[in-house]
2 protein chains.
Amino acid sequence: MRERSLVIPRPSVRTMTAAVDVALLTPRDRRLAVLLLRADARARDRWLLPWDAPRSDESPDETALRVARSVLGVPPAAIDQIGAFGDGRRHPGDAQLSISFVGLVPQGAASESIDGAAWVEIDQLPLLAPRHRAVAEAAVAAVRSRIDQAPLAFRLLPAAFTLSELQSIYELLLGRALHKASFRRALQAAFLVEPTDEWRSEGRGRPAQLYRYAPRRRRGTRRGVRFDSIA
Amino acid sequence: MRERSLVIPRPSVRTMTAAVDVALLTPRDRRLAVLLLRADARARDRWLLPWDAPRSDESPDETALRVARSVLGVPPAAIDQIGAFGDGRRHPGDAQLSISFVGLVPQGAASESIDGAAWVEIDQLPLLAPRHRAVAEAAVAAVRSRIDQAPLAFRLLPAAFTLSELQSIYELLLGRALHKASFRRALQAAFLVEPTDEWRSEGRGRPAQLYRYAPRRRRGTRRGVRFDSIA
DNA sequence: TCAATAGTGTCTGTTAGACATTATGGA
DNA sequence: TCCATAATGTCTAACAGACACTATTGA
């Protein structure tokens with residue numbers, strides 16, 4: 001047995017039941033949608049987030065990636081940890097601890113007909129275990145709050161996209177309309193995208209040039225602090 | 001035993017050993033410092049972050065607050081979850097899972113002489129279990145990335161502070177110098193602080209007026225997207 | 001032709017940063 | 001007095017947002 005310091009008692013760990021929950025998000029019809037699994041083939045109106053327990057010698061990140069792949073068939077474009085939920089809210093597997101992740105799936109890459117699964121708009125979540133509802137809501141909040149820190153918007157789009165599509169993603173995540181000319185000017189100044197030589201015509205109107213995400217360099221400016229977003 | 005769906009195999013949870021790790025941060029001498037505990041009264045050069053296992057019926061947040069209080073004597077000015085670390089990096093209690101938190105302690109409120117503890121600048125971390133080093137670094141990164149989303153800077157200052165002190169905190173967290181006049185203009189426009197009728201004289205120079213954090217209202221403007229911070 | 005969308009040029013009010021200046025204390 | 005710091009006014013370049021306009025397709 002180890003000696004203990006007189007000053008600081010050495011704590012000991014506790015065992016808890018743990019699960020990894022994954023909220024996969026994709027843009028659909030100008031809204032964000034999350035992938036839900038039917039809880040039971042018979043219960044039509046009971047749903048779950050994809051989840052599993054970590055296997056031995058598997059880190060939570062690896063578990064999350066495995067869960068996402070098993071549901072989507074392919075890995076998501078991005079996957080990030082949201083946090084650990086361990087309050088009283090019930091988990092479908094009765095895990096004491098939920099290590100939760102958000103994954104981003106490009107628009108259109110989400111095959112419609114995953115067996116027993118459905119993309120559901122985040123404003124219209126059905127009956128869901130309270131823990132899973134909290135995870136889904138935290139996933140959306142996490143993406144919204146990180147949109148201006150990481151190139152998340154590009155993870156919600158295919159490799160080639162129009163600038164209007166990109167602006168739509170930003171408007172979706174920011175929850176407000178943006179000015180077209182300003183958006184493009186700022187985008188051009190940031191050297192984040194480059195045009196391809198392809199064009200896409202959708203319905204009426206002039207065809208749009210396709211762009212790809214190609215961050216080149218950071219501009220030197222780095223303007224001052226913005227207190228606007230602070231509560 | 002529960003019936004299992006034919007479509008979706010119902011996962012089951014796994015038990016893991018878990019700990020709650022807390023990185024307490026305070027500004028010291030134009031640097032960020034983290035509170036470390038001596039691992040052992042005899043081993044002078046082995047250190048730990050404050051940590052403990054969650055008690056039964058205690059959420060991780062409650063555990064973190066309890067750990068922080070027990071070390072500081074008082075609750076921290078803010079405490080937020082960073083994430084769950086569960087990779088191979090070793091934890092001092094050999095926990096498989098670390099639920100980690102960052103707590104903010106106002107400048108000066110950190111009593112110097114907590115028995116067996118020391119504030120250490122984050123650039124000069126001593127020998128530390130790899131998991132704890134990762135947590136400490138993630139704590140700093142989390143505060144830095146949230147500085148423009150939440151009024152964290154005010155949690156690192158006492159209730160009354162000078163504008164130069166506030167600017168120092170921002171410079172500390174942003175890692176770059178700010179323009180004084182611009183900083184104050186932006187601050188005034190955001191209605192985040194109000195002057196008190198007290199002044200403080202430190203060494204030479206004109207005494208500075210003390211301000212307090214008093215967010216009044218959000219300005220209506222909400223300007224456009226900034227791509228600068230995106231990689 | 002009209003409708004709809006893409007993309008761009010110009011104007012204007014706002015703002016960030018530079019600079020200068022005044023204010024006020026301690027050494 | 002000199003020096004250091006606080007606090008503020010002014011100027012300018014950059015930028016955000018409004019608006020108008022052209023371009024290009026399908027109906």
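Chain A is the first sequence line, chain B the second, and so forth, proteins listed ahead of strands; every chain is numbered from 1. Note that the structure is a prediction, hence the values are computed from the model and not measured.
- Nearest-nucleotide positions on DNA chain C for Ser201(B) and Leu163(A) put Leu163(A) closer to the 5' end.
- Using a 4.0 Å heavy-atom distance criterion, Gln209(B) is classed as a sugar-phosphate-only contact.
- Within a 6.0 Å sphere centred on CZ of Arg69(A), other residues, nucleotides and ligands contribute 12 heavy atoms or fewer.
- Among Leu192(A), Val193(A), Asp148(A), the single residue meeting the side-chain contact (heavy atoms from CB on, under 4.5 Å) criterion with Phe227(B) is Leu192(A).
- For the pair Asp228(B) CG and dA16(D) C1', the computed distance is 13 Å after rounding to whole Å.
- Taking the ring centroids of Phe154(A) and Tyr211(A), they lie at or beyond the 6.0 Å cut-off.
- Distance Leu187(B) CG to dT15(C) P: 15 Å, rounded to the nearest Å.
- Here the P atom of nucleotide dG9(D) and the CZ atom of Arg184(B) are 12 Å apart, to the nearest Å.
- Residue-level contact check: Thr162(B) touches neither bases nor backbone, having no heavy atom under 4.0 Å from any strand.
- Side-chain contact check for Thr63(B) and Arg66(B): no donor-acceptor pair (N or O, by modelled atom type) lies under 3.5 Å.
- Atom-to-atom, CD of Gln167(B) to P of dT5(D) comes out at 13 Å; the value is rounded to the nearest Å.
- Phe183(B) places its CZ atom 14 Å from the C1' atom of dA7(D), with the value rounded to the nearest Å.
- Of the residues near DNA chain D, Gly205(A) and Ala208(B), the one whose nearest nucleotide (by heavy atom distance) lies more toward the 5' end is Ala208(B).
- Atom CH2 in Trp199(B) sits roughly 12 Å away from atom C1' in dG25(C) (whole-Å rounding).
- Nucleotides of DNA chain D nearest to Arg226(B) and Gln188(B) differ in position, and the one nearer the 5' end is that of Gln188(B).
- Residue Gln188(A) places its CD atom among 12 or fewer non-hydrogen atoms of other residues, nucleotides or ligands, all under 6.0 Å distant.
- Under 3.5 Å, the side chains of Ser168(A) and Arg30(A) contain a donor-acceptor pair of N or O atoms.
- Going from atom CZ of Arg200(B) over to atom C1' of dG26(C) covers 17 Å, rounded to whole Å.
- For Tyr170(A) and dA16(D), the OH to P distance is 14 Å, given to the nearest whole Å.
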Atom pairs, N/O to N/O, protein against nucleotides 18-22 of chain D, distance under 3.5 Å?
| unit_1 | atom_1 | unit_2 | atom_2 | d |
| --- | --- | --- | --- | --- |
| dA18(D) | N7 | His179(A) | NE2 | 2.8 |

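- Residues Asp21(A) and Ser98(A) have side chains that bring a donor and an acceptor to within less than 3.5 angstrom of each other.
- Of the candidate nucleotides dC3(D), dA3(C), dT25(D), dA3(C) has the atom lying nearest to any side-chain atom of Arg204(A).
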